[in-house]
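In what follows, chains are A, B, ... by sequence order, proteins preceding strands, each numbered from 1.
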There are 2 protein chains.
Amino acid sequence: MTVPALNNWQSVQDEVVRRIHGGVWNQGDLIPNEADLAREFGCARATVNRALQSLADSGLLDRRRKAGTRVAMLPVRKATLEIPLIRKEICDKGHTYGYAQVTRRRVPSPARLASKMNLPRGTKLLHLLCVHSADAKPYVIEERWINPDAVPAVEGVDFSQISPNEWLLKHVPFSAGDIAFFAMSADQPVADLLECEVGEGLFVIDRSTRRDTQAITSVRLIFAPGYRMHTVLSLPT
Amino acid sequence: MTVPALNNWQSVQDEVVRRIHGGVWNQGDLIPNEADLAREFGCARATVNRALQSLADSGLLDRRRKAGTRVAMLPVRKATLEIPLIRKEICDKGHTYGYAQVTRRRVPSPARLASKMNLPRGTKLLHLLCVHSADAKPYVIEERWINPDAVPAVEGVDFSQISPNEWLLKHVPFSAGDIAFFAMSADQPVADLLECEVGEGLFVIDRSTRRDTQAITSVRLIFAPGYRMHTVLSLPT
DNA sequence: ATTTTTTATATGTCTGCACATATTAATGAG
DNA sequence: CTCATTAATATGTGCAGACATATAAAAAAT
């Protein structure tokens, strides 16, 4: 009695997930090697490889050369967040986008930022404070620090017309960086800008980006009350 | 004059990224097709395919059959969040893990949850309130709702010994779901549990998971002040 | 002019094969 | 017994060729 051949990597993946769900293979178990699975499923080893590699990426399997493939002990769930352009995010929700620059200054980099962005001491940074709004209500504060050494063109840009968020995405795309999410309580200046109560809990994103090792920009996004960042935990099957 | 062959997919990827960075290909541009690139780079089409597909996954390229591959217009940055077991997260930081169950009840599902979890009206849920702590200081509140229809075994579990977070990960792994991040202000009961001030801004994660279409569990994690969720935006090169 | 059908094309993926590489396990030297 | 060397093995990845599939563009029909 032969099973119909699983001749594409998705169906192989599904079958593997089914076996894990069904308890055929339990957490920590070593599963058969690619060649054996390929024979069993009636497909090429490359197909099995694609399926297993994809499952390893999503955290269900642990794979190591020679050691083989085993079902992950602590399946670390991975969520993929898409970080959109703020204007796009607001427009996609069907609101009218608004934008205003509040302040623009050149200042020596504060110590906290200098270390975070790995800057030489005394580097001058461009500091911008802006507000994005949805249907004329404040949506998010963008507090932006830009390293002019990394982006000389920034000196001539009028950020009352285009947000740093958008300009940087267009002109300095595809850089690496890191990102942190947390909550803070609104202080007076923030509450004024977001038109909310002092002390209210606000969702905040800190992000800094660099190209190679040179720091480009660091930004703090402080969202108005009610903001939710949402995504999906998708798993095969 | 020939270029040394780019004979692995990583170097092909690097070269493509270099061309985008260097302005050879600009945002929105159509790039040569896989066959041409393979010829130019001196490798197989499959290798180019692997490289471009990976770049499309990370949002740098848009690809469509017949239409070809172009540099993404609005490169949507993607961050991958790893959502660990709470106990593991605390231990990894070098703290002593503590756990306590506060309450356990069986209650009719509140309307808000019933719709979110897509439950028939009047379903009874198991409701648990627990606190995880690090070095004896409250770290996060776990407010958990479990659908006993989906996980009958849950009735016999003593959640004063093991957290729902951990038990569910062990016994109902690999489910799909969705997740939201936001901020709230501490009310009195929350402030009591987290030993913080009323009104303080707190980081919150709402997550609900299901297998197929059946709702399994929904959880709200309310983190103590100061919590930061951190990850890396990594890009090829 | 508009709609439908056909065709051409770029990506998507499978196959079978080969070799590279990491890492465990066996072997041998001291 | 311990440490270094060697062999065995599972995954990682490359190649050439083939066919599948989506879809933009061209051709045909209304």
Side-chain angles (χ1 to χ4, degrees), chain A residues 2-17 19-20 25 28-73 75 234 236-237, chain B residues 2-17 19-20 24-25 27-73 75 234 236-237:
Chain A
T2 53
V3 187
L6 305 175
N7 53 340
N8 64 52
W9 70 269
Q10 307 260 10
S11 60
V12 169
Q13 192 181 49
D14 289 352
E15 175 59 22
V16 171
V17 171
R19 291 190 185 185
I20 295 173
W25 298 329
D29 283 3
L30 193 67
I31 76 173
N33 69 39
E34 295 183 348
D36 288 348
L37 286 175
R39 216 168 303 124
E40 184 190 347
F41 293 153
C43 65
R45 186 171 79 90
T47 307
V48 174
N49 181 280
R50 183 120 165 65
L52 298 189
Q53 207 153 45
S54 159
L55 288 175
D57 282 346
S58 49
L60 266 75
L61 297 176
D62 287 333
R63 325 190 71 203
R64 266 167 56 229
R65 285 181 182 175
K66 163 80 185 174
T69 302
R70 45 185 72 238
V71 181
M73 213 56 164
S234 58
T237 291
Chain B
T2 51
V3 187
L6 306 176
N7 53 340
N8 64 53
W9 71 269
Q10 305 261 8
S11 61
V12 169
Q13 192 182 50
D14 289 352
E15 174 59 22
V16 170
V17 171
R19 291 189 186 185
I20 295 172
V24 182
W25 298 328
Q27 289 176 50
D29 283 4
L30 193 67
I31 77 174
N33 70 40
E34 294 184 350
D36 289 348
L37 287 176
R39 217 168 302 124
E40 184 189 347
F41 293 152
C43 65
R45 187 171 80 87
T47 308
V48 174
N49 181 280
R50 182 117 162 66
L52 297 188
Q53 206 153 45
S54 159
L55 288 174
D57 283 345
S58 50
L60 267 75
L61 297 176
D62 287 333
R63 325 190 71 202
R64 263 165 57 227
R65 285 181 182 175
K66 161 79 185 177
T69 301
R70 46 185 73 236
V71 181
M73 213 56 163
S234 58
T237 290

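- Taking A/R19 as the reference, A/E15, A/E40 meet the salt bridge (charged side-chain N to carboxylate O under 4.0 Å, His left out) condition, with sequence neighbours excluded.
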For nucleotides 3-7 of chain C, tabulate all protein N/O to nucleotide N/O atom pairs closer than 3.5 Å, reporting atom names and distance.
none

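- Rounded to a whole Å, the CG atom of B/L55 is 12 Å from the P atom of C/dG12.
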Output one letter per nucleotide in nucleotides 10-16 of chain D: B when a protein non-hydrogen atom lies under 4.0 Å from the base, S when only the sugar-phosphate is that close, - when neither is.
BBBBSSS

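- Each salt bridge (charged side-chain N to carboxylate O under 4.0 Å, His left out) pair with one or both residues in residues 43-56 of chain B, not counting sequence neighbours, appears once here: B/E34-B/R45.
- For the pair A/R63 (side chain) and A/T69 (backbone), a donor-acceptor distance under 3.5 Å is absent.
- Under the side-chain hydrogen bond (donor to acceptor under 3.5 Å, both in side chains) criterion, B/N8 pairs with B/S11, not counting sequence neighbours.
- With sequence neighbours excluded, no residue satisfies salt bridge (charged side-chain N to carboxylate O under 4.0 Å, His left out) with A/R65.
- Within the 4.5 Å cutoff, the side chain of A/I20 has no heavy atoms near those of the A/I31 side chain.
- Residues forming a side-chain hydrogen bond (donor to acceptor under 3.5 Å, both in side chains) with B/T47 (at least two apart in sequence, or on another chain): none.
- Rounded to 10 degrees, the angle separating the terminal axes of the helix from C/dA1-D/dT30 to C/dG30-D/dC1 is 10°, with each axis obtained from five end pairs.
- The CG-P distance, from B/D57 to C/dT11, rounds to 15 Å in whole Å.
- A search for salt bridge (charged side-chain N to carboxylate O under 4.0 Å, His left out) contacts involving A/D36 returns A/R39, not counting sequence neighbours.
- When rounded to the nearest whole Å, the span between CD of A/Q13 and P of C/dC14 equals 11 Å.
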